[in-house]
Chemist: 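After the structure tokens below, expect a handful of questions from me.
Numbers for residues simply follow the sequence, beginning at 1. What's counted below: heavy atoms across the whole structure, side chains too, no hydrogens, waters or symmetry copies.
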Amino acid sequence: MAPMRWEAFLAQVQERGEYDSPQEAERAARVVLALLGAHLVGEERAELAAGLPETFALILLNPLQAAEPLDPARFVRATAAWIEGATEETAKWDVGAVLSVVADTAGEDLMQRVLLQLPPDFDLLFGHPRSP
């Protein structure tokens, strides 16, 4: 599977997140992937990274260290804490925009295996975001 191109990945995140600029989409992607990477190990993390543009793959593979797995609500709160000016509502939007593109890139089989490593209800975060 060839990795998705940087511009294509950011364009999709920007569209789904309805961001004004690719920079906003990139900021959301960096934070969400750094947090996600801390929750994944082994083959699944490597396979997920393989489908992403190199910069984002490296973020996923060298994540922020999480002391414990965050449930979906705390994952959203952590995202809000890392994005300047974010609220929980906007962070939920950021997470959905980034993770829905990641899910599309990964495909069904890999996503099922990734979700097995994550706390319950994480599949909701990978769905397409709905307007806040």
Chemist: Only one of L48, L58, V102 clears side chain to side chain contact (heavy atoms under 4.5 Å, CB included) with L33; which?
Modeler: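 Passing option: V102.
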
Chemist: Do H39 side-chain atoms and L70 backbone N/O form a donor-acceptor pair below 3.5 Å?
Modeler: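 Flag set: sc H39 to bb L70 pair under 3.5 Å.
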
Chemist: With distance as the sole test, does Q117 use its side chain to make a donor-acceptor pair with the main-chain N or O of E44 at under 3.5 Å?
Modeler: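 Such a contact is absent between Q117 side chain and E44 backbone.
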
Chemist: Please check if the side chain of R5 supplies one atom and the backbone of P53 the other of a donor-acceptor pair under 3.5 Å.
Modeler: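 Judged by distance alone, no pair lies under 3.5 Å.
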
Chemist: Measuring from T79:OG1 to R74:CZ, what's the distance to the nearest 0.5 Å?
Modeler: 12.5 Å

Chemist: Determine whether a donor-acceptor pair (N or O, by modelled atom type, separation under 3.5 Å) exists between the side chain of R45 and the backbone of L40.
Modeler: yes

Chemist: Are there over 12 heavy-atom neighbours, none belonging to W82, within less than 6.0 Å of that residue's CH2?
Modeler: no

Chemist: Hey, is the main chain of G96 close enough, under 3.5 Å, to the side chain of S100 for a donor-acceptor pair?
Modeler: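 Yes, the answer is positive, given that a donor and an acceptor are paired below the 3.5 Å cut-off.
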
Chemist: How long is the straight-line distance from CG of D121 back to CG of L115, given to the nearest 0.5 Å?
Modeler: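 Between L115 CG and D121 CG, I get 10.5 Å after rounding to 0.5 Å.
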
Chemist: Which label fits F122 and F75: parallel for a plane angle under 30°, tilted from 30 to 60°, or perpendicular past 60°?
Modeler: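 Rings of F122 and F75: perpendicular, over 60°.
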
Chemist: Between R16 and D94, does a salt bridge (Lys or Arg N to Asp or Glu O under 4.0 Å) hold up when you go through it step by step?
Modeler: CA-CA 9 Å; R16 291 194 189 163; D94 294 329; over 6 Å; no

Chemist: Return each pair, listed once, that meets side chain to side chain donor-acceptor pair (under 3.5 Å) where at least one residue sits in residues 24-33; pairs must be two or more places apart or across chains.
Modeler: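 Sorted result for residues 24-33: E26-R30.
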
Chemist: Apply the test salt bridge (Lys or Arg N to Asp or Glu O under 4.0 Å) to residues E108 and R113: give CA-CA distance (whole Å), side-chain angles for both, the deciding distance (0.1 Å), then the verdict.
Modeler: CA-CA 9 Å; E108 196 67 33; R113 290 184 288 132; over 6 Å; no

